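To keep things clear, I will list the structure first and then write my remarks on it.
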Amino acid sequence: MRHIRRAFSVSTFDEVIVLKGYLKYYGKRIMWYVLTLVVAVFLNFLLPRLMPGDPVQQLAAQATAGSTDPTVYLKTVEQYTKEFGLDKSLPEQFFIYVGNIFQGNLGTSLSKYPRTVTDILGGSIGWTLALQIPGIIVGWFLGNLLGAIAAYIRKSIDTVVLPIFMFISNMPAFGLAFIMIFIFSNKLGIAPSGGGYAYDLVPNFSMEFVGSVLKYYQMPFWTMVLISIGGQAIGMRSMSIYELNADYVKYSRFLGIKDHKIVMYVFRNAMLPQITGLAMSFGTMIGGNLVAEMVYSYPGIGTTMFQAINTRDYPLLSGCTLLITIMVLIANLVVEILYGVVDPRVKAAQMETE
Amino acid sequence: MLRQIKEAFRNPKFLVGFILFVLLLLMAIFYPMISMYEPLTYYATSFEKPGTYVNILDIANSEGVKLNVDTAAGRLDSVLTDDQKETMKDWLVRFGGVEESAIDLEDSESFLKLWQDNYDSKNPQKGLRTADKKAVARLDKQLTTALNSDSIDIAGKNEEGELEVVKSIPGDHFINAGSVGNSYTFPLGTDNFGADVLTKLTSSIRVSLRIGLVAGLIGTAIGLTIGLLAGFLGGWVDNFLTFVTNIFTVIPSFVILVLISNAVSASARGATMVSVIIGLTSWPWTARSVRSQVLSLRGRDHVNLSKLSGHSMPRIILQDILPYVASYVVMAMILQISSGILAEAQLSMLGLGPNTSTTTTLGIMMNWAQQYSAMQSNSWWAFVPVVISITLITFSLNLMNTGLDQVFNPQLRD
């Protein structure tokens, strides 16, 4: 608490300097993320092209499967080669690729021809964001709450509730999705087994449609929440125990400050490192969550990616992986900035290391 | 080292995790050996319930033993399912003139009595489709047959091609299930192809564990090498390696995994290939933690002394650094094994896992269960054991990791 007060009591002159330092620091961080993005784009471009076998010939053979005329096949190969720009050198291809990305052009889908990849992804990204962001945040919040309560009460919560959530959090998200569908949709019949909204509705902003979306939203949402509670809780529990034994707690008790007020301080301090935990879990969680989306046939990126893989739709898959990377990078950056804002100690430490 | 191992086994978390893991491992190694089934051979044609299947012809041909028990109740249970009870209840309320409150589905006997008293196939049943009328009539007939404990005659064709009674089976005769010639037990039923789930499951656990282990070894080896080099050499080597490591900790490994796996053709993707791909993408966190450990060790006195004595770099790393980071490396590897198993399951769910015609893994079993909608068809045995197995493996590994963490970092104990 003392640190925070000090940070707020600096004079206006100091504040300007501090602010400049922040801007410089975050400017550097953002540059670093941009660099990482460039590497990611490069990998996204290079990895599919490094592998043996000629995808264009495969694709052309697929597209012309019914035809017996060899010229049709050759023409298709030529058309695809041109469309993907494979007749140019690798560096040239890369610059064309990057240039296209900047124009928002990720190519044309093969399986949903003639829709563009940007168009398809634009239709599914909203669904994924609407599911993943609240899912991760609510799971993080409930996990921290449980961990804090476990640290404070111990006993039954420590020995029964926490291990149960620990067990669940060791389940892959899609595994829990299987079990949830079986219990709630098949046995109890209280939730739909998959999809984003009732199949007889057309997306619009009517009450009926929104209600349907909310109904279909429940199971994927709670799957993501349940999965993340255990891991967060266990971290929060040990942080809270550590803080509960800290000197400032003993001193506050000595001063006669009320228990619930001390608890507030303790949890606020224990919460801070958990924000880093949140950032670290993005990269590892996203894979399982996207596969869970697919199990629920939820109309997000996960399901789109599955379709792209199954129909050998290279441009669409490449678009999906790029979009996932960008989402994770942005999430990491946001958490990093947020952390600096919430905890001045970290901000100071971050600036010192620079 | 020996002292630390002893201490680890005294830690309850590590011990529980270790025992669980060893049990799973033993089951995965030995069950496929003693099982009478092959994991990839199809015995049935689709999902069949867990249980023992005895050949009907064999039963008909066996000599029975008379038992003095009531057979009607047992037969009724096998005929009367919950769905059928609901259908009958609906009928009784709509056409039989029975109050809904008078019906108790739990009490089979009185329910059946109500049905026999009130059901009449000549009832006009207004509002019921003909197909439904017939279904109810069929159900009634089924019940009558089940309740009938009279003997059944079996007819066969004689030499002239005419039917004649070959055998008469009394309603109260039994046969010892063990003495039937053809009987097959599927403890966890069969999957969509008709393979024995338990054999397939244990064989899958074995392959999945192997994938996790190989991926963990490769990932740890790469991470350890990079971490040691970066931490020990410092300078531009450290800057470069740290930069690369940081980049790959932020780019989700899932994405790289999908990109590489998708580029390798399905026929080339064996279990080993998949584990190598997973290992190649899972090193950054190990590299990061090893580097920070080495960084703090580099300035210690014993390392400086070694340097002054003119020992070579490999020798210093092996003798003065490695023993100190060993515990972290073991813990990192345990976590990598568990994440490797999860990564395989994820890839297989997306259809990018090992080639399905030659091997079976936990992820592949999940994938088939999903594709053949085991959840919707109530075939819980095709996926619940698989989900539990994956969870138990990762749970036991994480318990071992937490236990080791407490042994090596005493301040974490509480």
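Here is the naming used below: chain letters follow the sequence lines, and residue numbers restart at 1 for every chain. Values below: all heavy atoms of this structure, side chains included; hydrogens, waters and symmetry mates excluded. Just so you know, these numbers come straight off a predicted model, no measurement behind them.
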Carefully, step by step, assess A/Leu317 and B/Val258 under the rule side chain to side chain contact (heavy atoms under 4.5 Å, CB included).
CA-CA 9 Å; A/Leu317 178 65; B/Val258 166; 4.0 Å; yes
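Crowding of A/Phe167 atom CZ: a count of heavy atoms from other residues, nucleotides or ligands under 6.0 Å exceeding 12.
Each of A/Val295, A/Leu35, A/Ile326, A/Leu329 has some count of heavy-atom pairs under 4.5 Å with chain B, and the biggest count is that of A/Val295. Residue with the most contacts toward chain B among A/Gly287, A/Ala331, A/Gly288, A/Gly175: A/Gly287 (heavy-atom pairs, distance under 4.5 Å). Contact tally against chain B (heavy-atom pairs below 4.5 Å) for A/Leu290, A/Thr321, A/Thr325: the top residue is A/Thr321. When the candidates B/Leu397, B/Leu392, B/Val387 are compared by the number of heavy-atom contacts under 4.5 Å with chain A, B/Val387 comes out ahead. Note on B/Thr249, B/Asn398, B/Thr402: by heavy-atom pairs under 4.5 Å with chain A, the leading option is B/Asn398.
Every residue meeting the side-chain hydrogen bond (donor to acceptor under 3.5 Å, both in side chains) condition with A/Tyr296, not counting sequence neighbours, appears here in chain and number order: A/Thr223. Every side-chain hydrogen bond (donor to acceptor under 3.5 Å, both in side chains) that B/Thr286 has, sequence neighbours left out, goes to B/Gln336. Applying the side-chain hydrogen bond (donor to acceptor under 3.5 Å, both in side chains) test to B/Asn262 and every residue at least two apart in sequence or in another chain returns nothing.
Between B/Leu350 atom CG and A/Phe174 atom CZ the span is 8.5 Å, to the nearest 0.5 Å. Note that OG1 of A/Thr36 and CD1 of B/Ile247 are 4.5 Å apart. Values are rounded to the nearest 0.5 Å. Rounded to the nearest 0.5 angstrom, B/Ser253 OG and A/Ile286 CD1 are separated by 11.5 Å. Here the CG-CD distance, from A/Asn289 to B/Gln346, works out to 9.0 Å after rounding to the nearest 0.5 Å. Rounded to the nearest 0.5 angstrom, B/Phe254 CZ and A/Ile324 CD1 are separated by 5.5 Å. Here CG of A/Leu43 is found 5.5 Å from CD1 of B/Ile251. Values are rounded to the nearest 0.5 Å.
Only the side chain of B/Phe383 comes within contact range of chain A, judged by heavy atoms closer than 4.5 Å. Heavy atoms closer than 4.5 Å to chain A are found in the side chain of B/Leu352, but not in its backbone. Proximity to chain B (any heavy atom under 4.5 Å) is restricted, for A/Met305, to the side chain, taken from C-beta onward. Contact annotation for A/Tyr33: only side-chain heavy atoms (C-beta onward) come within less than 4.5 Å of a heavy atom of chain B.
Among all heavy-atom pairs drawn from B/Met349 and A/Met294, the shortest one is O-CE, 3.4 Å. Here the closest non-hydrogen pair linking B/Met375 and A/Phe182 is O-CD1, 3.7 Å. Scanning all heavy atoms of the two residues, the minimum distance from A/Phe178 to B/Met366 falls at CZ-O, 3.4 Å.
Residues of residues 184-191 of chain A that come within less than 4.5 angstrom of chain B, heavy atom to heavy atom, are A/Asn186, A/Lys187 in numerical order.
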